[in-house]
Amino acid sequence: MRRPNTVIEDARVLTADFLPKRMVHRNAQVTEIKRNLEPILDDGTPRNMLLYGPPGTGKTTMAEYVVDELKKHSSNVVSGSVNCWRYPSRFKVYYNLLQDFGTNIIHRTGTPTDELVDKFKSKVGNRPSIVILDEVDQIEDERILYDFARESNTALIMIANKETALYDFDDRIRSSLEGTKHVRFPEYTKEQLVDILEDRVKWGLRDNAVEKSMLHRIGNRADGDARIAINALRIAAERAEAEESEEISQEVIENALPAAEEENKSKSIDQLNRHQSVLYEIIEEHGEIKPGELYEEYSDEVEDPKVKRTVRKYLSKMDHYRLINSEGEGRWRTYMLQS
DNA sequence: ATTCCACCGGAATAGCGGGATA
DNA sequence: TATCCCGCTATTCCGGTGGAAT
């Protein structure tokens, strides 16, 4: 027989991806997104958008929240979202969108991308549609943006950390995206993080499972990042639960914070291949290391070393994962672990 | 002032895996 | 079965960069 939970009421509420019924402290952004999207409901042309701001500020969550709300009002609207960092190629973007749009496609390695594009276009037709492109600056083929921007019944919601995300694209793409609304997502303040956590506590934890002062501790140390704050709360709750205590102690909270940050990291580390983890370990060992020495040690370590250019690609990938950092340029560059 | 050096990163190219086609 | 096609990854090629060496 399962013993009753001591702390957790509803575990789903404690994940960062969970979509709460109401959003706190993002009214301005939610309203703005809604306003730009709404014309789509009466066959008007929606505004394309760029949502920008640091990690954990609710960009993706708010976009999905608004789209969900909108779909409740009109069953005709179709939508999909892709993370362009994980799925950067034209093929993968369309593949994922088609799945979100409810088209079952058998994946064959020989399927030409154009076939997917055609399928997508016929699926959408004249229906109002919304496409969310997360980490849009990582997109490999700019044609994707151009294609969507030309569809007047498709609303494009692009998400990036920096407002300058679109600057690097070529003129043709940029001019087709002219009129894109920029919506800023600032870091949450400590107090706002506490509010967000309180909401999760209310629905996710049993009554009196955690004191408010504990939430303030999380808020103070989460660096304005709601994802880290929520994950810390979840980890703390799980650990308290495992200890069969009825309340989350201060000690558990303190330990949960670094664990929440570590969790992001180890998730990324798991994605690395053998060569990449060797590189990671060498950098870890040295603390700081120059490119030349790094490559030398790496090629000694593995029996089938990749070529230098490939290693540079690996390193920039790990940089993007926020696993490592680099300072300086050219041969004066230093690689180190992300602090 | 000029050349050298070590590295960066974009672009073109090659090779691979695997489904489709004849 | 042999061949073609496609996307993806790794490799090759190369112009650019900026401090060091001459």
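All chains are named by letter (A, B, ...) in the order of the sequence lines, taking the proteins before the strands, and each is independently numbered beginning at 1. In this text the structure is predicted, and so the values were computed from the model without any measurement.
Val302(A) belongs to a hydrophobic cluster with Trp85(A), Ile269(A), Leu272(A), Val278(A), Leu279(A), Tyr280(A), Ile282(A), Ile283(A), Ile289(A), Leu294(A), Tyr295(A), Tyr298(A), Val311(A), Tyr314(A), Leu315(A), Met318(A), Tyr321(A), Leu323(A), Ile324(A), Tyr335(A), Leu337(A), counting contacts under 4.5 Å between side-chain heavy atoms of Ile, Leu, Val, Met, Phe, Trp and Tyr, direct or through other members.
Sequence neighbours left out, the pairs with a member in residues 258-271 of chain A that pass side-chain hydrogen bond (donor to acceptor under 3.5 Å, both in side chains) are Arg234(A)-Glu263(A). Listed by first and then second residue, the side-chain hydrogen bond (donor to acceptor under 3.5 Å, both in side chains) pairs involving residues 246-260 of chain A are Arg217(A)-Glu254(A), Arg221(A)-Glu254(A) (not counting sequence neighbours).
Evaluation of the side-chain contact (heavy atoms from CB on, under 4.5 Å) rule for Lys290(A) yields Thr334(A) as partners, not counting sequence neighbours. The ring pair (Phe, Tyr, Trp, His ring centres under 6.0 Å) search around Phe169(A) returns none, not counting sequence neighbours. Looking at residues two or more places apart in sequence or on another chain, you find a side-chain contact (heavy atoms from CB on, under 4.5 Å) between Ser81(A) and Glu64(A), Asp100(A), Ile132(A).
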(message) Generate the contact string for nucleotides 6-14 of chain C. Rules: B means base contact, S means sugar-phosphate contact only, - means no protein heavy atom under 4.0 Å.
(response) BSS-SBB--
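Figure legend: cation-pi geometry between Arg200(A) and Phe18(A) absent, as NZ or CZ is not positioned both under 6.0 Å from the six-membered ring centre and within 45° of its axis.
The separation between Tyr335(A) atom OH and dG9(B) atom C1' is 10 Å, rounded to whole Å. For Glu329(A) and dA6(B), the CD to C1' distance is 13 Å, given to the nearest whole Å. Distance Tyr298(A) OH to dC7(B) P: 15 Å, rounded to the nearest Å. Atom CG of Asp141(A) is separated from atom P of dA11(B) by 12 Å (rounded to the nearest Å).
Using a 4.0 Å cutoff on non-hydrogen atoms, the parts of residues 280-293 of chain A near DNA chain B are Pro291(A), Gly292(A), ordered by number.
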Enumerate, atom names and distances included, each donor-acceptor pair closer than 3.5 Å involving a side-chain atom of residues 26-42 of chain A, sequence neighbours excluded.
residue  : atom : partner   : partner atom : Å
Arg26(A) : NE   : Thr57(A)  : O            : 3.1
Arg26(A) : NH2  : Thr57(A)  : O            : 3.2
Arg26(A) : NH2  : Pro186(A) : O            : 2.6
Gln29(A) : NE2  : Arg184(A) : O            : 2.9
Thr31(A) : OG1  : Asn27(A)  : O            : 2.6
Glu32(A) : OE1  : Arg35(A)  : NH2          : 2.6
Glu32(A) : OE2  : Asn36(A)  : ND2          : 3.3
Asn36(A) : ND2  : Glu32(A)  : O            : 3.1

